[in-house]
Amino acid sequence: MIPREFEYHAPTSVDDALALLGAYGGEAKLLAGGHSLLPMMKLRFADPAHLIDLNRIDSLRGIQLSGNEIRIGAMTCENDLIWSPVLNEHCPLLVEGARLISDPQVRYRGTLGGDISHGDPGNDHPAIMLCLGASFVLKNQAGERVVPADGFFLGTYATALEPDEILTEIRIPVPAAGTGWCYSKLKRKTGDFATAAAAVLIRMNGNVVADVSITLTNLGNTALKARDAEQFLRGRVLDDTTLDEAAGKAMAICEPVEDLRGSVEYKLAMAGEMTRRALRTAAARVKH
Ligand SMILES: Cc1cc2nc3c(=O)[nH]c(=O)nc-3n(C[C@H](O)[C@H](O)[C@H](O)COP(=O)(O)OP(=O)(O)OC[C@H]3O[C@@H](n4cnc5c(N)ncnc54)[C@H](O)[C@@H]3O)c2cc1C
């Protein structure tokens, strides 16, 4: 199918984009990399009368270290995340996750902000953002609000973004020095979405877990935070028994649906396996 006719707008500032969004409201859609929106338009799941292209707004791109926080413009593409010296030094979890997204074509156009705003539980950044404790700057014509990732993802293709808001910036607290990290993603082939994936950040006190964050991709209608598994591991030695127990607690919160990527039983088993692998790898990367 081809999309319905639409009017194309190419503002060069956030204020101009917000004015257009204010004027056209529910009739408008923001265009970032287009890798999720255009397929939706071709299938007529989305049929905006106005398309507001954010690609000419330079202020929405860039990665900066600001005190103890990393600030990333929403229009920063996956490839720029992968090659960022700031992220490679201070937030390798995000680099590892971005490397596992699709193929080079998608990574050169697809943006961090678009991946988050789309609200697809199959996308990788929601779980990574949840794991990192990120927050999102949402602007409308009246001002801005800062919303934590924990609570932003409301359901499949549903987020806390209001129709008159633009996600302008992603803020990530810099993980403490020595923190171990891992994004473990199972996919059927290069370029595919996750069958199951787990993101982990971990701090160790010797061989005892001091703190841990565990989140999951494509195992429910949003990215999931495995709070029981985290709570269980804090203060415990990480060994085969505790890894299995934590994996079981992570599996218990998953509600995958059967599709071409596998049955419910298979996906649950893979949720456990990705959790175990991510925990093991992250712990091995801790710098004491
Ligand atoms: C073949 C293929 C494989 C893929 N595999 C993966 C994968 O493995 N993992 C993964 O995470 N993703 C994957 N994707 C999705 C890809 O990462 C998309 O780029 C991403 O989902 C959307 O980002 P975008 O910049 O293309 O946004 P767009 O498609 O332009 O927009 C997506 C939605 O977000 C809204 N939006 C965009 N930017 C903003 C903003 N700043 N503020 C408010 N709303 C905004 C748009 O209006 C639209 O509703 C894949 C895509 C393809 C085509």
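Just so it is clear, the model here is predicted, and its values are computed rather than measured. Just so you know, ligand 1 is whichever comes first in the structure, and atom 1 is the first atom listed for that ligand. Residue numbers count from 1 along this sequence.
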### Query
Looking at ligand 1, does Thr168 have a heavy atom less than 4.0 Å from it?
no
### Task
Report the hydrophobic cluster partners of Val237, with the cluster defined as I, L, V, M, F, W, Y residues connected by side-chain heavy atoms closer than 4.5 angstrom, directly or transitively.
Val208
### Query
Can the positive tip of Arg99 be found less than 6.0 Å from the middle of the six-membered ring of Trp83, inside 45° of the ring normal?
yes
### Task
Would you please classify the geometry between the Phe153 ring and the Phe136 ring as parallel, tilted or perpendicular, with 30° and 60° separating the classes?
perpendicular
#### Entry: N or O contact, Lys29 vs ligand 1, cut-off under 3.5 Å
yes
### Query
Where does Leu167 meet ligand 1, judged by heavy-atom distances below 4.0 Å: at the side chain, the backbone, both, or neither?
both
### Message
Distance under 4.0 Å to a non-hydrogen atom of Lys185: what atoms of ligand 1 satisfy this?
### Response
7 (C), 8 (O), 9 (N)
### Message
What I want to know is whether Asp103 and ligand 1 share at least one N or O pair that is separated by under 3.5 angstrom.
### Response
no
### Task
Ignoring hydrogens, just give me the one of Ser36, Gly113, Gly33, Pro126 whose non-hydrogen atom is nearest atom 22 (C) of ligand 1.
Ser36
### Message
Please report whether ligand 1 has a polar contact with Leu54, defined as an N or O pair separated by less than 3.5 Å (distance criterion only).
### Response
no
### Residue-ligand contact Asp120/ligand 1, heavy atom below 4.0 Å
no
### Query
If hydrogens are left out, which of Asp192, Thr159, Asp115 has an atom nearest to atom 17 (O) of ligand 1, that is, the closest non-hydrogen atom?
Asp115
### Task
Could you list the atoms of ligand 1 found under 4.0 angstrom from a heavy atom of Gly191?
3 (C), 5 (N)
